Amino acid sequence: MLALRGISAFPDMLLSFDVERQISIAALDAAMDADRSIFLLAQRDINVDDPEVEDLYIIGTVCFIKQILRMPGGSIRVMVEGKHRARLVRVFSKYPYFDVEIAKIVEVEPARSSDHAEALIRQTHALLRRYAELAPSVSPELLATVMELDNVGYIADYIAQNIYIKHSKKQGILDEPRPLKRIEKLNGILLNEIEILEIELQLRKKTSDRMMKNQREHILREQLKTIQYELGLVGGDDGYSEIDEYREKILKLKAPAEVEEKLLKEVQRLAKQPYSSSEASVIRSYLDTCISLPWNTVTKDRVDVAQTRRILDADHYGLEKVKQRIVEFVAVRQYAPETKGGILCLIGPPGTGKTSIGMSIAKALGRKMARISLGGVHDEAEIRGHRKTYVGAMPGRIITAVAQAGSRNPLLLLDEIDKLGSDYRGDPAAALLEALDPEQNSTFRDHYLELPFDLSDTIFITTANTKSTIPRPLLDRMEVIELTSYTDEEKVQIAKKHLLPKQRKKHGLKSNQLKISDTVIREVISGYTKESGVRTLERELANICRKAVLKFVEEDRKSLTVRSTMLEEFLGPKKYKNEGVRKTDEVGLVRGLAWTSVGGEVLDVEVNVMDGSGKLELTGNLGDVMKESARAGISYIRSRARQLNIDPEFYKKKDIHIHFPEGAVPKDGPSAGITVTLAVISALTGAPVRSDIAMTGEITLRGRILPIGGLKEKTMAALRSGIKTVIIPKENESDLEEIDPLVRNALNFVTTDHIDNILDFALDMKAITPISKDCAKSPAVVPETSGQEENRAILQ
Ligand code: ADP
């Protein structure tokens with residue numbers, strides 16, 4: 001007996017194999033010496049080199065050795081022909097070869113004519129055909145041969161011998177002595193193989209489909225590029241690298257998955273566009289914009305209260321309350337970094353340092369900063385961007401500012417939030433609200449990006465000139481910090497400590513090269529500026545620096561001390577003469593105090609009384625509230641005419657014209673009531689008004705004087721204009737505390753709760769001149785134009 005490894009021998013079939021094992025060679029030799037018959041029996045495990053009886057199957061095939069070929073190296077190639085199945089009965093010895101006793105298995109071949117056999121054979125044919133389709137290793141001859149056969153058992157053996165199936169399965173066929181059962185078994189094996197092959201085929205198809213698709217796309221794209229190149233639509237091979245470059249950049253962004261996915265999709269879209277099509281350039285600018293955004297760039301905060309205080313003090317003079325509030329704001333961040341701090345809103349006149357405070361906060365926190373100017377923004381799209389589909393669409397200002405800042409957690413300074421408009425193009429305040437609201441802004445959606453951008457780590461600081469026009473919902477979400485006008489003394493200090501050094505540095509000057517004394521600075525302030533802040537002052541100082549540099553260059557000088565005599569040469573003639581007090585008291589001319597968003601102002605009221613029919617004329621671009629307040633004053637005068645020594649019939653016989661100079665500036669508010677009333681009384685009685693006083697207060701029909709707002713700014717303006725005495729409503733007395741001590745000490749305050757109480761004080765009754773003469777005399781004194789930006793004066 002010879003043990004076969006991994007092959008089976010079947011009856012009536014030729015089989016050739018190589019023999020190497022000594023035990024097998026010995027068996028062959030012994031067989032050749034006898035009748036060339038050998039019993040071939042398969043091993044269960046092909047890895048066993050020296051098999052025992054248990055390692056062998058029971059049923060094998062008795063074969064006739066047809067040929068032996070001794071190969072170089074000692075192995076032998078044998079060709080055998082199967083004779084019949086046999087069963088191992090007993091092993092006599094294992095050495096030098098297996099000497100065994102076997103029993104022949106006789107098979108009874110059923111006739112082909114049996115229907116059962118025929119059906120099985122047909123089934124085999126069908127299965128084999130399908131198998132051959134699926135397994136390319138099956139030779140066409142196999143199929144042809146099998147079709148010719150009609151011996152059921154032989155068909156099974158033949159097929160088992162010639163197809164690639166597991167060795168154990170082949171043995172299964174060999175083990176079966178009953179031909180019908182054998183072919184049934186074979187059909188089962190074929191069916192199973194077919195199933196496996198079908199699954200395999202499907203898998204192969206899927207993989208190849210994918211590969212095909214990729215390949216197809218690649219080929220098409222290459223073709224497209226060639227076509228575009230041929231048509232001159234792309235220059236060189238830019239088209240190739242561009243797409244890859246975009247992909248690379250996008251992956252490098254490390255943006256959130258949703259963003260990355262969308263951008264990659266856009267790149268894919270770009271790849272399909274002709275290079276110079278307008279769609280491609282839209283996609284390109286979209287991608288460029290998105291790539292420039294700091295999706296994942298974050299700066300680390302440096303929250304340190306002491307440091308903040310130092311920086312604020314170094315950059316700004318005074319502003320103690322404001323600084324304190326900001327230090328508190330930073331302290332909260334230091335103490336509880338997780339809490340999202342509120343939105344700060346700095347409110348005050350222009351040039352009072354709102355923007356520069358914002359910058360100092362950014363510096364103190366170590367954040368990047370960007371400014372957004374909201375003045376005159378009417379269109380929601382300016383905040384939130386236009387949809388990509390619009391021609392020339394761009395992201396809104398918020399996203400643009402973030403891109404500019406270059407970090408995901410910048411400090412955004414929103415300037416002039418009080419100048420936001422709203423009209424048919426949507427409400428920018430609503431869009432802004434969404435950006436500022438910590439509840440919503442972690443997924444702020446810009447129309448252009450169409451992607452959520454996380455603004456929750458952004459600090460927003462807004463600035464405004466007045467609280468009154470800030471959209472209410474926005475105001476509710478902000479912490480308001482008010483900055484007020486500077487006194488001249490403060491301005492001197494700011495100029496000396498901050499503005500001048502800053503300008504010197506800008507112009508390349510050292511401190512000992514350009515000296516300006518406090519007195520000269522004061523002169524610049526009074527002669528060349530009229531403002532609440534220090535913006536014009538800074539400009540004028542820059543002007544001086546420029547002129548000085550010019551002198552150094554032209555006259556070869558090394559240093560310069562600016563004297564007041566040089567100011568005319570440097571800055572031109574004085575723009576504002578200290579109006580001071582008018583020298584003469586005049587009839588029908590009273591100075592009122594107004595408050596505007598750019599600070600306080602002194603505003604004259606002129607009244608002329610002429611013979612006529614009782615007409616009342618109000619001019620000077622006045623609002624309704626102001627007109628009504630003037631009418632109330634006149635009604636009061638009518639009711640008190642006798643006591644005031646006025647002709648009770650004046651309202652029939654006289655025309656009264658009340659005028660506020662600077663007619664181009666719109667004015668409104670009730671606080672000029674006292675002023676107008678006094679001016680009318682003066683005009684009607686002919687008593688001149690003291691020229692060194694100014695006043696503010698609302699008047700009622702009964703002559704009561706009601707409190708007003710903006711006292712601090714108003715009194716400052718009064719001081720600037722050289723006024724000595726200010727009449728204010730009694731109820732505003734407590735507000736005097738708020739006023740700068742310098743102003744408080746310089747001015748004389750008269751409080752009143754009724755107009756009657758101040759008549760003696762304000763009017764010079766002794767100097768009454770006849771009305772008719774006075775009317776002709778009283779000149780309409782127009783004060784100099786303030787040179788300020790146009791603003792709505794609110795006499796509240
Ligand atoms: P705003 O934003 O309120 O209109 P800015 O911040 O632009 O005003 O201020 C104008 C100029 O005045 C800036 O150069 C600023 O540094 C300077 N400035 C304003 N207030 C102060 C101050 N208290 N100390 C130092 N410089 C100041």
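Both ligands and their constituent atoms are indexed starting at 1 by order of listing. Just so it is clear, the model here is predicted, and its values are computed rather than measured.
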Listed by chain and number, what are the side chain to side chain contact (heavy atoms under 4.5 Å, CB included) partners of Asp288, not counting sequence neighbours? Tyr246
Would you mind listing which atoms of ligand 1 come within a distance below 4.0 Å of any non-hydrogen atom of Glu538? 11 (C), 12 (O), 13 (C), 14 (O)
At a 4.0 Å threshold, what atoms of ligand 1 neighbour a non-hydrogen atom of Leu319? 23 (N)
Would you tell me whether Ser360 and Asp315 have side-chain atoms, one donor and one acceptor, within less than 3.5 Å of each other? yes
Between Thr463 and ligand 1, which residue portion shows a heavy-atom distance shorter than 4.0 Å: side chain, backbone, both, or neither? neither
Determine whether the side chains of Lys714 and Thr696 contain a donor N or O and an acceptor N or O closer than 3.5 Å. yes
Indicate whether any N or O donor in one side chain lies under 3.5 Å from an N or O acceptor in the other, for Thr536 and Glu531. yes
Ile494 touching ligand 1 at heavy-atom level, < 4.0 angstrom: yes
Give the atoms of ligand 1, by number and element, whose distance to some non-hydrogen atom of Thr352 is under 4.0 Å. 3 (O), 8 (O), 19 (C), 20 (N)
So the atoms of ligand 1 within less than 4.0 Å of a heavy atom of Val534 turn out to be 12 (O), 17 (C), 18 (N), 19 (C)
Would you mind listing which atoms of ligand 1 come within a distance below 4.0 Å of any non-hydrogen atom of Pro350? 4 (O)
Do His316 and ligand 1 have an N or O pair less than 3.5 Å apart? no
Is there a heavy atom in Ile357 that sits closer than 4.0 Å to ligand 1? no
With sequence neighbours excluded, residues passing ring pair (Phe, Tyr, Trp, His ring centres under 6.0 Å) with His386: Tyr390
If we set the cut-off at 4.0 Å for heavy atoms, which region of Lys354 has an atom near ligand 1: side chain, backbone, both, or neither? both
Any donor-acceptor pair under 3.5 Å linking the side-chain atoms of Asp418 with those of Thr466? no
